[in-house]
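Numbers for residues simply follow the sequence, beginning at 1. For ligands, and for the atoms within them, numbers begin at 1 and follow the listed sequence.
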Amino acid sequence: MNETGLNELATQISGCQRCSLHTGRTKTVPGAGNPNAEIMFIGEAPGQREDDLGIPFVGRSGEYLNYLLNLIQLERQSVFITNVVKCRPPANRDPEAEEIEACRIYLDQQIDIINPSVIVTVGRFSMARYFPKAKITQIHGQAKFVDKRAIYPIYHPAAALRNPALRRDMEADIKRLLEVIAQVKRLRNVEITSNIPDKDPPQQMALF
Ligand code: SF4
């Protein structure tokens, strides 16, 4: 059911001309992963390799994201990964506000269809969707719980590749994701369908 909805959406995205990014794309990159995922990662925009293949996070950033997921024994195919814009910006520039707004209808629908328990915002642009005035340096690794769903901001892997000093924070944040998942499990009173090992009861986390 979810898979059908996501596939129909991907077909719509493949023909989309809602913003100027459609002119430079090779392939649209709608998102990939488990259509019934309990954890959804939302990044910024496709890069060159993603644009070539139509798959998110397959370049160097993707390799580092895979490494982070491996740290917590989270299989990539158990989560869903997408971006705030589905077409590559020229020369990998940041997506512009009007492009993010034009593409928002697709991300909104993906979230509605998948209905994840945890949304991990990866980088500044997806963070701004939920924390419009926040600075990622101040709120990374802190969850906000909204309607029994956790929104969890982390740095973008590209930032850690540019600045290796951020890797320690990124790795600590991804490990803390296990605590967030445990909290959402209790809030929703459901089992998260992944191979995540059970954790000890989490410490009280900062709520926004
Ligand atoms: S980035 Fe989004 S809104 Fe813009 S053309 Fe691509 S799919 Fe459409």
Side-chain angles (χ1 to χ4, degrees), residues 1-66 69 76-77 79-116 118-134 136 140 146 149 151-162:
M1 193 71 174
N2 287 6
E3 187 170 11
T4 304
L6 290 173
N7 287 341
E8 287 173 1
L9 204 50
T11 301
Q12 284 180 41
I13 291 169
S14 69
C16 179
Q17 299 186 3
R18 287 175 57 84
C19 81
S20 62
L21 293 184
H22 80 275
T23 60
R25 73 187 175 213
T26 307
K27 289 187 175 175
T28 50
V29 185
N34 180 354
N36 302 300
E38 293 290 349
I39 306 164
M40 184 169 179
F41 287 77
I42 306 175
E44 295 181 358
Q48 182 172 359
R49 192 153 166 73
E50 289 80 10
D51 177 70
D52 286 341
L53 298 176
I55 303 169
F57 281 93
V58 287
R60 287 185 65 226
S61 290
E63 286 174 16
Y64 188 55
L65 181 62
N66 292 343
L69 296 178
R76 182 167 164 143
Q77 58 267 33
V79 304
F80 191 85
I81 302 176
T82 188
N83 287 301
V84 292
V85 294
K86 316 303 188 193
C87 301
R88 182 192 179 203
N92 291 349
R93 67 157 167 75
D94 289 342
E96 294 177 354
E98 55 269 28
E99 294 159 354
I100 295 171
E101 192 54 35
C103 214
R104 186 183 182 94
I105 57 164
Y106 302 123
L107 182 56
D108 287 347
Q109 290 179 76
Q110 288 174 320
I111 293 169
D112 283 349
I113 292 169
I114 297 169
N115 189 24
V118 181
I119 291 178
V120 182
T121 63
V122 183
R124 291 177 292 134
F125 293 94
S126 54
M127 178 195 74
R129 177 185 166 96
Y130 298 98
F131 311 98
K133 295 185 178 159
I136 198 163
H140 70 89
V146 181
R149 173 180 290 154
I151 312 297
Y152 189 64
I154 65 172
Y155 287 112
H156 196 284
L161 293 174
R162 281 193 303 270

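The protein non-hydrogen atom at the shortest distance from atom 6 (Fe) of ligand 1 is Cys87 SG, 2.4 Å. In terms of protein heavy-atom proximity, atom 8 (Fe) of ligand 1 is nearest to Cys16 SG, 2.2 Å. The nearest protein atom to atom 4 (Fe) of ligand 1, hydrogens excluded, is given as Cys19 SG, 2.3 Å; this is a heavy-atom distance.
Near Arg25, the atoms of ligand 1 lying under 4.0 angstrom from a non-hydrogen atom of the residue are 5 (S), 6 (Fe). For ligand 1, the atoms closer than 4.0 angstrom to any heavy atom of Lys86 are 1 (S), 7 (S). Proximity to His22 (heavy-atom distance under 4.0 Å) selects the following atoms of ligand 1: 5 (S).
For Lys27 against Asp52, the heavy-atom pair with the smallest separation is CD-O, 3.5 Å. Of all heavy-atom pairs spanning Val29 and Glu50, the tightest one is CG2-O, 3.4 Å.
Residue contact annotation: Cys103 places no N/O/S atom under 2.8 Å from atom 8 (Fe) of ligand 1.
In this structure, the separation between CZ on Phe125 and CD1 on Ile136 is 10.5 Å, given to the nearest 0.5 Å.
Taking 4.5 Å as the limit, some side-chain heavy atom of Leu107 sits within range of a side-chain heavy atom of Lys86.
Each of Val79, Val120, Thr121, Thr82 was scored for a side chain to side chain contact (heavy atoms under 4.5 Å, CB included) with Met40, with one residue passing: Thr82.
Checked against a 6.0 Å centroid threshold, the rings of His156 and Phe57 count as neighbours.
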